[in-house]
Amino acid sequence: MLRTHVSTPSGQKRLVTEGSRLVFGRGPEVDLIIAAGRGLSRRAGVVTMLAAGAWIANISRTHALYVEGDGYQVRLPRMEDDGEPVNGWFVRAGTVRIGSRAMLDEGQALAVTVTGQYEAAAATRGAGLANGAGLTERGGQADRAGQADEGEWTDGGTLLPLYLDPMTKLFLVALIWCRPWLLDPSATRPLPRTPEIARGALEVTGAYHELERFEADPDYRDLLSARVAEHIKVLRRKIADRGLVPADVRLSDEVAVRILIEHGIITPADLGRLDDPAWRSRQEDLWWTQG
């Protein structure tokens, strides 16, 4: 089994387990705070651990992020306005350095190290990863459409994990959708349908006046439920576009939620956001201030 460690020049070391992710940057709302990150955003990047290795992506809308290894340096572009990384860098084994240009030049970059033995069968269990066995030892860069870039992939292998920005309405919908199975790993609890997710969004954002209307006005309830259904449709499309489910598998609610959880897109740690006043306030602005 593979293991990924993220290390800072000051000696901090964090383990990223399979199906989980680590967000780093200068701000307080990240998993790993970089104290001296010249040219680094408050939310700079994310390291996601998958069965076949570690995926690194830039989640800043203002700064570039660089990945450096033996004989190469790759610039990861800024995240687009829709809250998705443009592309990422995959590391199957060994160590790469990540950070701003200044951090790399000054020897202050983070080190991402992948160790252990990769089991090819693990990459295709559950929902499956597209052509996981075809990845190169060094890594590879994939664009949004999942196509190989600059010859870094072998045998046509593709891998572009899905990342959801927590500061989006889509993330809140996904979190409420997954909440029963995050609380109950046995996955015996029923998953919420669109009206229940809409009600959950009202509760999380403290919109109790809207909640009264939701319960009393069927037209309003249908309107909010339809908005949630559109978000669910987007989540299904993103899952399918990434090749995270085989073509012959129906993307039911249960399959979609299982993929979101197993691939670390939504994690048990994200439940803590539901008790975070700052995050809830941001979601309130997204849902009710911006329409």
Side-chain angles (χ1 to χ4, degrees), residues 1-16 18 21-26 32 34 36-41 44-60 62-80 85-120 122-123 129-161 163 242:
M1 179 178 293
L2 296 179
R3 296 166 63 89
T4 294
H5 288 91
V6 180
S7 306
T8 69
S10 63
Q12 296 183 72
K13 191 173 185 179
R14 298 285 297 273
L15 173 66
V16 187
E18 182 181 331
R21 65 176 183 268
L22 180 143
V23 176
F24 61 90
R26 294 186 298 103
L32 182 61
I34 312 302
R38 287 183 54 201
L40 199 69
S41 291
V46 60
V47 178
T48 302
M49 186 60 192
L50 303 167
W55 184 72
I56 303 166
N58 185 3
I59 58 172
S60 169
T62 57
H63 294 77
L65 191 68
Y66 294 84
V67 178
E68 184 178 81
D70 294 335
Y72 67 93
Q73 185 180 93
V74 176
R75 179 183 180 275
L76 300 181
R78 294 172 295 177
M79 188 166 70
E80 294 191 348
V86 175
N87 54 32
W89 189 258
F90 188 81
V91 182
R92 180 173 175 179
T95 298
V96 298
R97 294 168 294 282
I98 54 177
S100 65
R101 176 80 74 180
M103 290 170 65
L104 289 169
D105 291 345
E106 297 168 5
Q108 297 296 309
L110 298 177
V112 177
T113 302
V114 180
T115 60
Q117 184 174 1
Y118 164 58
E119 299 177 5
L129 299 175
N131 300 324
L135 302 178
T136 64
E137 290 277 340
R138 189 172 95 182
Q141 187 175 7
D143 63 19
R144 178 179 296 274
Q147 301 299 316
D149 185 32
E150 299 180 0
E152 292 297 340
W153 302 91
T154 63
D155 300 331
T158 62
L159 182 61
L160 185 56
Y163 172 80
R242 297 309 191 279

Grab the two heavy atoms, one from [X] and one from [Y], that are nearest each other, plus how far apart they are.
X: L15; Y: T4; answer: CD1-O, 3.3 Å
X: S100; Y: G39; answer: CB-O, 3.6 Å
X: A54; Y: V47; answer: CB-CG1, 4.3 Å
X: P9; Y: G107; answer: CG-O, 4.3 Å
X: R97; Y: G69; answer: NH2-O, 3.8 Å
X: L2; Y: R92; answer: CD1-O, 4.0 Å

With N58, the side chain to side chain contact (heavy atoms under 4.5 Å, CB included) member among V46, V67, L76: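 Running side chain to side chain contact (heavy atoms under 4.5 Å, CB included) over V46, V67, L76 with N58 returns exactly one hit, L76.
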When I98 is tested against each of V6, I56, V91 for side chain to side chain contact (heavy atoms under 4.5 Å, CB included), which residue passes?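 Only one of V6, I56, V91 forms a side chain to side chain contact (heavy atoms under 4.5 Å, CB included) with I98, namely I56.
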Could you walk me through whether I59 and L65 satisfy the side chain to side chain contact (heavy atoms under 4.5 Å, CB included) test, starting with their C-alpha distance in whole Å, then the side-chain angles of each, then the deciding distance to 0.1 Å, before giving a yes or no? CA-CA 9 Å; I59 58 172; L65 191 68; over 6 Å; no
Which value, rounded to the nearest 0.5 Å, describes the distance between M49 atom CE and H5 atom NE2? 10.0 Å
With a 6.0 Å cut-off on the ring centroids, do Y72 and W89 count as close? yes
Can S41 and H63 be counted as having a side-chain donor-acceptor contact under 3.5 angstrom?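 H63 and S41 do have a side-chain donor-acceptor pair below 3.5 Å.
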What's the verdict on side-chain hydrogen bond (donor to acceptor under 3.5 Å, both in side chains) for R101 and Q73, showing C-alpha distance, side-chain angles and the deciding distance? CA-CA 10 Å; R101 176 80 74 180; Q73 185 180 93; 2.4 Å; yes
Would T95 and V112 satisfy side chain to side chain contact (heavy atoms under 4.5 Å, CB included), going step by step from the backbone distance to the final call? CA-CA 5 Å; T95 298; V112 177; over 6 Å; no
Stepwise side chain to side chain contact (heavy atoms under 4.5 Å, CB included) check, T48 with Y163: CA-CA 9 Å; T48 302; Y163 172 80; 5.6 Å; no
Derivation of the side chain to side chain contact (heavy atoms under 4.5 Å, CB included) call for M103 and I34: CA-CA 11 Å; M103 290 170 65; I34 312 302; 4.0 Å; yes
